[in-house]
2 protein chains.
Amino acid sequence: MKEGPDIALIGSLIGDPARANMLTALMGGQALTPTELAAHAGITLQTASSHLAKLEAGGLLTQRKQGRHRYYALAEDEVGLMLESLMGFAASRGLTRHRPGPKDPALRKARVCYNHLAGDYGVRLLDSLIAARQIEVTGEDLALTDAGRDRIEALGIDYPALQKSRRPICRTCLDWSERRSHLAGSLGEALLRLFIDKGWAKREQNSRAIRFTDRGEKAFLELFPL
Amino acid sequence: MKEGPDIALIGSLIGDPARANMLTALMGGQALTPTELAAHAGITLQTASSHLAKLEAGGLLTQRKQGRHRYYALAEDEVGLMLESLMGFAASRGLTRHRPGPKDPALRKARVCYNHLAGDYGVRLLDSLIAARQIEVTGEDLALTDAGRDRIEALGIDYPALQKSRRPICRTCLDWSERRSHLAGSLGEALLRLFIDKGWAKREQNSRAIRFTDRGEKAFLELFPL
DNA sequence: CGGATGCTTCGACTACGATCGAAGCATGAA
DNA sequence: TTCATGCTTCGATCGTAGTCGAAGCATCCG
């Protein structure tokens, strides 16, 4: 009857509080088991299982069996982008579930957005790469320049491997705290993994916050000046 | 309990089919009355009234009383951006409510996105302005250059008036058909109005499609080359 | 002042979906 | 094999939210 895509289905999937909690938890980027997700949402395992089946059918999640565990994760980058967009609007309406606590500043400084770095540091990363002409901007699209390729290979990132994947290498993602873009895509993912592998930064348990070590923070700020 | 903004409330507002239909209708950019919106959603006036109250309370809509009519419209640009993001994902999942009909190509070519031009022509507009260095890109942010200001004033747009509004003048909006950015913000709105005022383009009734006249199409393509 | 139109509020009905206990499957460990 | 763990399926219950008819306000017109 009406034109355009069916947003009601997606909306209703996100609209249930239990499911929204699970999706928020998965924005942390790690794949989680039904048991863990049930705890996040505050429901029993049976209920969680039913929700997860719906989210998977709706294309928001994928699952991977591993032994007797089942790991659920966001299906694609685009799901993360969409959720951040919703969060941005909800935050602008002042619709936060918790009173801003001590963790809030840490979240604004650096957090994980599905699989890449977000927050103040995430925005700085992209801005710095653009300023150094290692990433080029055309409208919404980002492209790695030749200089950019040399740069990330020097950092120890396997560029051919990035190219192989079907996903875009560079991609913008709107930040709900900064209201600016940060770097997503397979490069964004690879860079975050690099920071963690080098011991510069750590994920906090049960939170999206990323904590930089003193050494890591210094190295990051030097490598990506404004 | 959980960190981050509350997306469930927003999701549940969008999640009801009747409300989703009304929001989709309002993406056409025109303010509509409860009676019209009820027709779009296929429900009675009483039900529509209740839905509209909820959408307004949730910050998605604003209303303006005018005589004995009440006009509802999307509350801010950001609502439109968020909805387009949802539509983009829904479309990528193949979740379209209608089988792609004859109107579909027209929608992809040029349509209104809340209050600005979207589709192929919308993307071309932004690309052309960027190529002519009349708009500058930094990350997600767009800025009008001096050359750009001269250009739009030459077109007959009142630049000081744009400046006065609190909204950003330039802004990107992700296009669900093109998967690229087009120009939103008060300038995007002013340009669409300009095209319509000049008689170059017309909104189609009960649709988001924009139909360019032959003369208007020629003028548009000349003014904004790739 | 009626009378008509546009919309909201109230109340009652209904249906759908979230929830959980219990039982059923699968996988891995002993 | 037997037991334990992790998860799904089934079935029943319960709330809540969408729906509409009827009545109540507000605004405009003649």
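None of these values were measured; they are calculated from a predicted model. Here is how names work: the chains are called A, B, and so on, in the same order as the sequence lines, proteins then strands, and each is numbered from 1.
- At whole-Å resolution of the value, CZ in A/R64 and C1' in D/dG6 are 16 Å apart.
- With rounding to whole Å, A/L55 atom CG is found 12 Å from D/dT8 atom P.
- Between the CG atom of A/L23 and the CG atom of A/L13 there is a distance of 8.5 Å, given to the nearest 0.5 Å.
- Backbone-only engagement by A/Y72 is indicated by non-hydrogen atom pairs under 4.0 Å involving sugar-phosphate atoms exclusively.
- Every residue two or more places apart in sequence or in another chain that forms a ring-ring contact (aromatic ring centres under 6.0 Å, His included) with B/F224 is listed here: B/F220.
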Show the distances under 3.5 angstrom between N or O atoms of the protein and N or O atoms of nucleotides 25-30 of chain C.
none

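- Rounding to the nearest 0.5 angstrom, the gap separating the OH atom in A/Y72 from the CZ atom in A/R64 is 12.5 Å.
- Between A/R70 atom CZ and D/dG6 atom P the separation is 14 Å, expressed in whole Å.
- Taking atom OH of A/Y71 as the reference point, atom C1' of D/dG6 lies 11 Å away to the nearest angstrom.
- Regarding A/L52, its CG atom lies at a distance of 13 Å from the C1' atom of D/dG6, rounded to whole Å.
- In this structure a side-chain-to-backbone donor-acceptor pair under 3.5 Å is present from B/T24 to B/A20.
- A distance-only check finds no donor-acceptor pair linking the side chain of A/S12 to the backbone of A/G15 [under 3.5 Å].
- Under the side-chain contact (heavy atoms from CB on, under 4.5 Å) criterion, B/Q46 pairs with B/T44, sequence neighbours left out.
- Listed for the B/E36 side chain is a donor-acceptor partner under 3.5 Å among the backbone atoms of B/T33.
- For residues 49-60 of chain A, the pairs satisfying side-chain hydrogen bond (donor to acceptor under 3.5 Å, both in side chains) are A/R19-A/H51, A/E56-A/Q63, with sequence neighbours left out.
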Compile the donor-acceptor pairs under 3.5 Å between side chains in residues 192-200 of chain A and protein atoms, sequence neighbours left out, one pair per line.
none

What N/O pairs connect the protein and nucleotides 15-22 of chain D at under 3.5 Å? Give each pair on its own line.
unit_1	atom_1	unit_2	atom_2	d
D/dG18	OP1	B/R19	NH1	3.2
D/dG18	OP1	B/R19	NH2	2.7
D/dG18	OP2	B/K54	NZ	2.6
D/dT19	OP2	B/H51	NE2	2.6
D/dC20	OP2	B/T44	N	3.2
D/dC20	OP2	B/T44	OG1	3.1
D/dC20	OP2	B/T47	OG1	3.0
D/dG21	N7	B/Q46	NE2	2.5

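- Note: CG (A/L37) to P (D/dG6) measures 14 Å, nearest angstrom.
- Atoms CG (B/L45) and P (C/dT5) sit 14 Å apart, rounded to a whole Å.
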